[in-house]
**Q** 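Right, I'll just put the structure down here and ask away after.
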Amino acid sequence: MINRNIPLNHPRLRSLLVRDKLVSGFERGLVVAHGLIAHGRGEAFDYLLGEQTTRTAGIAITAASAELLLARHPVISINGNVAAICAKEIVELSKVTNALLEVNLFHRDEKRERYIERELIKNGAGKVYGVGSRASARISELHSERRRVDPDGIYLADVVIVPLEDGDRAEALVKMGKKIIAIDLNPLSRTARVAQITIVDNIIRVMPNMVSIARELRSLDDEATLTKIIKEFNNKKNLEQSLRIIQGAKNGLR
Ligand code: ATP
Ligand code: MG
C-alpha cells in the first residue's frame, strides 16, 4: 500500500517518497524483498552523507559521464530497484550517452525481467537487452544464474554502469576487462572499491544530475576535454573523501 498521508512538510519527505516508489515496485513485481533491505543499507549511508550530492560525488558523476561518452559500447545494467526508483531518468541517460539498457538481476526470474523490460519501455526505452533467453552468454568467473549476460550487451561492453551492484559480479566484470562505473552509497562496499569510478550518492539524485552533465559534455563535442576529465579522476581519493564526510557526520551531535 502506498502511503498517501505523508504530510508535505515532513522532514524526511523525499526519503519517504522513494520508499513509496520501492513499495510500489515490490507490489508490481519489479522489486524483490531483498531489494527493500538493500535500499535500507543505502539509506543509512545517505543519512550520514547529509542526503545531498557532495562535491566529491559531483566529480565522480562528471568523470562517469565523460567515460560513458567516450565508450565504444557502453551498457547500463538495470535491476529491480533501479527500475522502480528511476526508470525514466535511466532511459534518458541511455539516450544521451548512446548506452544500451540490459536487465541484470541478482535474483534471476524471467517474469520479473519482463516486468522490468515493460517498465523501461513504458518510460521511453527502445530495445532492452538481457531478458529471458537473450541472456545466453556467461561470465566465466561467476557460478549460478547470476553469470548470464546478453552476448550483444554486457558481454561485448567496454564500459558498464552498475547501479546498486553486488560486489562479486562487479569484480567479475572488472576481471573480464570492463571499465565499471558504480553508483553505491557505501564507499566501503566491495563494489565501490573494485569499480574504476564510484559515485557515492543516492541514485535518485545521481540520475537527473548525470543526464544534464552528460548532455552538457556531449554538446562540447571535445574528446580531449573528456579524456582529461577521466585522467584527472582518482577513485581511491574520491572514496576516501566520501568516507571523511561520513566520519565528519558525528560533528552533528555537538
Ligand atoms: P558488496 O557486495 O559490494 O560488498 P553490499 O553487500 O553492501 O556490497 P548489496 O547489499 O549487495 O551490497 O547491495 C546494496 C548496495 O547498494 C549497498 O552497498 C547500498 O549502499 C547500495 N544502495 C542501496 N540503495 C541505494 C540507492 N538508492 N542509491 C545508491 N546506492 C544504494
Ligand atoms: Mg553484496
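Values below: all heavy atoms of this structure, side chains included; hydrogens, waters and symmetry mates excluded. Note that the structure is predicted; figures quoted are calculated from it, not measured.
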**Q** Under the salt bridge (charged side-chain N to carboxylate O under 4.0 Å, His left out) criterion, do Glu92 and Lys95 qualify, and how do the steps go?
**A** CA-CA 5 Å; Glu92 250 180 286; Lys95 289 184 175 161; over 6 Å; no
**Q** I'd like to know if the side chain of Thr198 and the backbone of Ala192 have a donor-acceptor N/O pair within less than 3.5 Å.
**A** yes
**Q** Any non-hydrogen side-chain atom of Tyr47 less than 4.5 Å from a side-chain atom of Ser15?
**A** no
**Q** Stepwise, does the side chain to side chain contact (heavy atoms under 4.5 Å, CB included) test hold for Lys178 with Val159?
**A** CA-CA 6 Å; Lys178 322 237 175 253; Val159 176; over 6 Å; no
**Q** Taking the side chain as everything from C-beta on, heavy atoms only, tell me whether Gln196 gets closer than 4.5 Å to Asn235.
**A** no
**Q** Is the side chain of Arg148 donor-acceptor paired with the backbone N or O of Ala135 at a distance under 3.5 Å, no angle test?
**A** yes
**Q** Check this for me: does any side-chain nitrogen of one of Lys179 and Glu67 sit under 4.0 Å from a carboxylate oxygen of the other?
**A** yes
**Q** Does either side chain, that of Asn186 or that of Ser189, offer a donor lying less than 3.5 Å from an acceptor on the other one?
**A** no
**Q** Would you say Val91 ends up clustered with Leu68 if hydrophobic residues are merged whenever their side chains have heavy atoms under 4.5 Å apart, either directly or through other cluster members?
**A** yes
**Q** Any luck finding a side-chain donor-acceptor pair between Gln247 and Arg244 under 3.5 Å?
**A** no
**Q** Would you find a donor on one side and an acceptor on the other, under 3.5 Å apart, between the side chain of Asp158 and the backbone of Arg72?
**A** yes
**Q** Mind running side chain to side chain contact (heavy atoms under 4.5 Å, CB included) on Glu51 and Asn202 for me, showing each step along the way?
**A** CA-CA 8 Å; Glu51 295 177 318; Asn202 198 322; over 6 Å; no
**Q** Going by atom types alone, do Thr56 and Asn238 pair a side-chain donor with an acceptor below 3.5 Å?
**A** no
**Q** Distance-only, no hydrogens or angles: does the Arg134 side chain make a donor-acceptor pair with backbone N or O of Val128 under 3.5 Å?
**A** yes
**Q** Would you say the side chain of Leu105 lies within less than 4.5 Å of the side chain of Glu113, judging by non-hydrogen atoms?
**A** yes
**Q** Count the heavy atoms belonging to other residues, nucleotides or ligands that lie under 6.0 Å from CD of Glu110, then report whether that count exceeds 12.
**A** yes
**Q** Would you mind checking if Arg19 and Glu43 are paired as a salt bridge, meaning a charged N to carboxylate O distance below 4.0 Å?
**A** yes
**Q** Using the rule that two of Ile, Leu, Val, Met, Phe, Trp, Tyr join whenever any of their side-chain heavy atoms come within less than 4.5 Å, decide whether Ile76 and Leu69 are in one cluster.
**A** yes
**Q** In the structure I gave you, are the side-chain heavy atoms of Leu164 and Asp184 within less than 4.5 Å of one another anywhere?
**A** no
**Q** May I ask you to check whether Ser24 and Arg28 show a side-chain donor-acceptor distance below 3.5 Å?
**A** yes
**Q** Could you walk me through whether Asp46 and Arg205 pass the salt bridge (charged side-chain N to carboxylate O under 4.0 Å, His left out) test, one step at a time?
**A** CA-CA 11 Å; Asp46 205 12; Arg205 293 186 299 269; 2.7 Å; yes
**Q** Show, in sequence, the C-alpha distance, side-chain angles and deciding distance for Asp166 and Arg190, and conclude whether the salt bridge (charged side-chain N to carboxylate O under 4.0 Å, His left out) test is met.
**A** CA-CA 8 Å; Asp166 163 69; Arg190 286 173 307 149; 3.8 Å; yes
**Q** Between Val103 and Asn79, is a side chain to side chain contact (heavy atoms under 4.5 Å, CB included) present by the stated rule, with each step listed?
**A** CA-CA 6 Å; Val103 178; Asn79 65 17; over 6 Å; no
**Q** Would a hydrophobic clustering, with Ile, Leu, Val, Met, Phe, Trp and Tyr connected at side-chain separations under 4.5 Å, put Val96 with Ile230?
**A** yes
**Q** Would you say His73 and Leu100 make side-chain contact, with heavy atoms under 4.5 Å?
**A** yes
**Q** Can you spot which of Ile181, Val206, Ile183 makes a side-chain contact (heavy atoms from CB on, under 4.5 Å) with Ile61?
**A** Val206
**Q** If we ignore hydrogens and angles and just use 3.5 Å, is the side chain of Thr191 paired with the main-chain N or O of Glu165 as donor and acceptor?
**A** yes
**Q** With side chain to side chain contact (heavy atoms under 4.5 Å, CB included) as the criterion, how do Glu119 and Tyr115 come out once you've worked through the C-alpha distance, each side chain's angles and the decisive distance to 0.1 Å?
**A** CA-CA 6 Å; Glu119 184 71 9; Tyr115 286 149; over 6 Å; no
**Q** One thing to verify: whether Arg114 and Asp109 come together as a salt bridge, which I'm taking to mean a side-chain N less than 4.0 angstrom from a carboxylate O.
**A** no
